[in-house]
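Some notes on the structure that comes next.
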Amino acid sequence: VPFSAAANLRPGAEQKVVFITARVHPGETPSSFVCQGIIDFLVSHHPIAKVLRDHLVFKIAPMLNPDGVYLGNYRCSLMGFDLNRHWANPSPWAHPTLHGVKELIIDMYNNPKINLEFYIDIHAHSTMMNGFMYGNIFEDEERFQRQAVFPKLLCQNAEDFSYSSTSFNRDAVKAGTGRRFLGGLLNDTSYCYTLEVSFYSYILGGTASAVPYTEEAYMKLGRNVARTFLDYYRLNSLVEGPLTPTPKTR
């Protein structure tokens, strides 16, 4: 049932939706650990997680390419498709996961009771360091500037996230990706990103030393992505109790 998740909100609260997908490329295993970090944090007893659950609806599709993962493919699905080039017109037969997710997103977008505010697709990068984002280019300068807010806030929360590596583009080769297609489909109150994370390491700010990524470090980035929504929506004052760092959260 598409809209049942709104039951977590406080009565009468506006339905603001954050839609997250991962593992469209089966070889990019770090994306699953980042997504796991987001999920684990959101369902935890952490006071920030409770506030986020009270005010936002998170829709998460943690594995868009399960057949490719099962087969051990690096980039393609069972039928040999790079699914992240078929968002514009996904086939229910050849690209069933994309078809289902896209239909759900469009249903939400067309529902006047729902504000679909974020779409984030999680990937892993084989040559770049750190975590970073790809965003879209818009003619409207104000919209372009607003799009930069979330990655800037994430950079303040996550020591391994690099805003300097974050870029905004509309390369033709990326036209069929989730971030590009949905960025053109949704209106100017929606922000669509690709979240990339290095396969191997990140460089701490002000140093030249590379820190190898671990499964725990990927999940920590996921937790920091989740908690950045607290800053974005200015919900900090609603958190109960002192915000002392926990062993699992920066």
Side-chain angles (χ1 to χ4, degrees), residues 5 17-44 49 52 56-78 81-87 90 95-105 108 116-126 128 130-136 150-151 154 157-158 160-161 166 174 176-183 186 190-200 202 213-229:
V17 174
V18 176
F19 208 111
I20 297 170
T21 57
R23 207 72 184 273
V24 71
H25 292 142
E28 297 176 8
T29 51
S31 70
S32 282
F33 292 112
V34 174
C35 191
Q36 189 69 50
I38 294 174
I39 295 170
D40 288 348
F41 183 76
L42 289 175
V43 300
S44 73
L52 293 176
L56 301 170
V57 176
F58 288 88
K59 291 287 189 181
I60 302 175
M63 189 173 287
L64 287 179
N65 196 342
D67 50 344
V69 170
Y70 177 79
L71 291 168
N73 291 351
Y74 179 71
R75 194 168 180 88
C76 295
S77 66
L78 168 66
F81 291 107
D82 180 345
L83 296 180
N84 205 37
R85 296 297 182 271
H86 289 276
W87 279 93
H95 327 105
T97 53
L98 260 61
H99 184 267
V101 167
K102 181 181 172 182
E103 279 203 332
L104 177 56
I105 288 175
M108 288 183 159
L116 180 55
E117 304 211 333
F118 280 89
Y119 172 75
I120 300 176
D121 190 28
I122 309 173
H123 288 249
H125 206 285
S126 59
M128 297 280 283
N130 295 72
F132 58 95
M133 280 179 150
Y134 292 127
N136 295 311
F150 187 85
L154 178 54
N157 286 334
D160 57 321
F161 185 84
T166 292
K174 304 280 190 178
T177 64
R179 180 259 306 180
R180 280 289 310 282
F181 176 74
L182 293 172
L186 306 178
S190 303
Y191 300 102
C192 300
Y193 305 93
T194 300
L195 172 62
E196 296 273 1
V197 63
S198 173
F199 267 102
Y200 49 102
Y202 60 95
Y213 266 114
T214 61
E215 294 175 10
E216 172 56 31
Y218 288 131
M219 289 189 282
K220 181 178 179 181
L221 176 59
R223 291 192 292 272
N224 284 326
V225 168
R227 67 184 297 146
T228 297
F229 288 103

Exercise answer: donor-acceptor pairs, residues 67-74 side-chain atoms, under 3.5 Å, sequence neighbours excluded:
{"from": "D67", "atom 1": "OD2", "to": "L78", "atom 2": "N", "distance (Å)": "3.1"}
{"from": "N73", "atom 1": "ND2", "to": "C76", "atom 2": "O", "distance (Å)": "3.1"}
{"from": "N73", "atom 1": "ND2", "to": "S77", "atom 2": "O", "distance (Å)": "3.2"}

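Residues meeting the ring pair (Phe, Tyr, Trp, His ring centres under 6.0 Å) test with F33, sequence neighbours left out: none. Scored by the side chain to side chain donor-acceptor pair (under 3.5 Å) test, Y119 finds T21 as partners (sequence neighbours excluded). The side chain to side chain donor-acceptor pair (under 3.5 Å) test applied to H125 returns T127, not counting sequence neighbours. Applying the ring pair (Phe, Tyr, Trp, His ring centres under 6.0 Å) test to H99 and every residue at least two apart in sequence or in another chain returns nothing. Under the ring pair (Phe, Tyr, Trp, His ring centres under 6.0 Å) criterion, Y218 pairs with Y213, sequence neighbours left out. Scored by the side-chain contact (heavy atoms from CB on, under 4.5 Å) test, P96 finds no partners at all (sequence neighbours excluded). In this structure, the side chain to side chain donor-acceptor pair (under 3.5 Å) partners of T228, at least two apart in sequence or on a different chain, are N157. Applying the salt bridge (charged side-chain N to carboxylate O under 4.0 Å, His left out) criterion to D82, with sequence neighbours excluded, gives R75. Partners of S32 by side chain to side chain donor-acceptor pair (under 3.5 Å), not counting sequence neighbours, listed by chain and number: R23.
With a 4.5 Å cut-off on side-chain heavy atoms, L154 and V225 count as touching. Between V101 and F19 the shortest side-chain heavy-atom distance falls below 4.5 Å. By the 4.5 Å heavy-atom criterion applied to side chains, I38 and I122 are counted as neighbours. Under the 4.5 Å side-chain criterion, counting only non-hydrogen atoms from C-beta, F150 is in contact with I120. Taking the side chain as every heavy atom from C-beta outward, F161 and P151 approach each other to under 4.5 Å.
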Test side-chain contact (heavy atoms from CB on, under 4.5 Å) applied to L52 and F58, step by step: CA-CA 9 Å; L52 293 176; F58 288 88; 4.1 Å; yes

Stepwise side-chain contact (heavy atoms from CB on, under 4.5 Å) check, T97 with V24: CA-CA 9 Å; T97 53; V24 71; over 6 Å; no

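Paired with H123 under the rule side chain to side chain contact (heavy atoms under 4.5 Å, CB included), one option of N84, V34, L195 passes, and it is N84.
Counting only distance, with no hydrogens or angles, the side chain of D160 and the backbone of N130 share no donor-acceptor pair below 3.5 Å.
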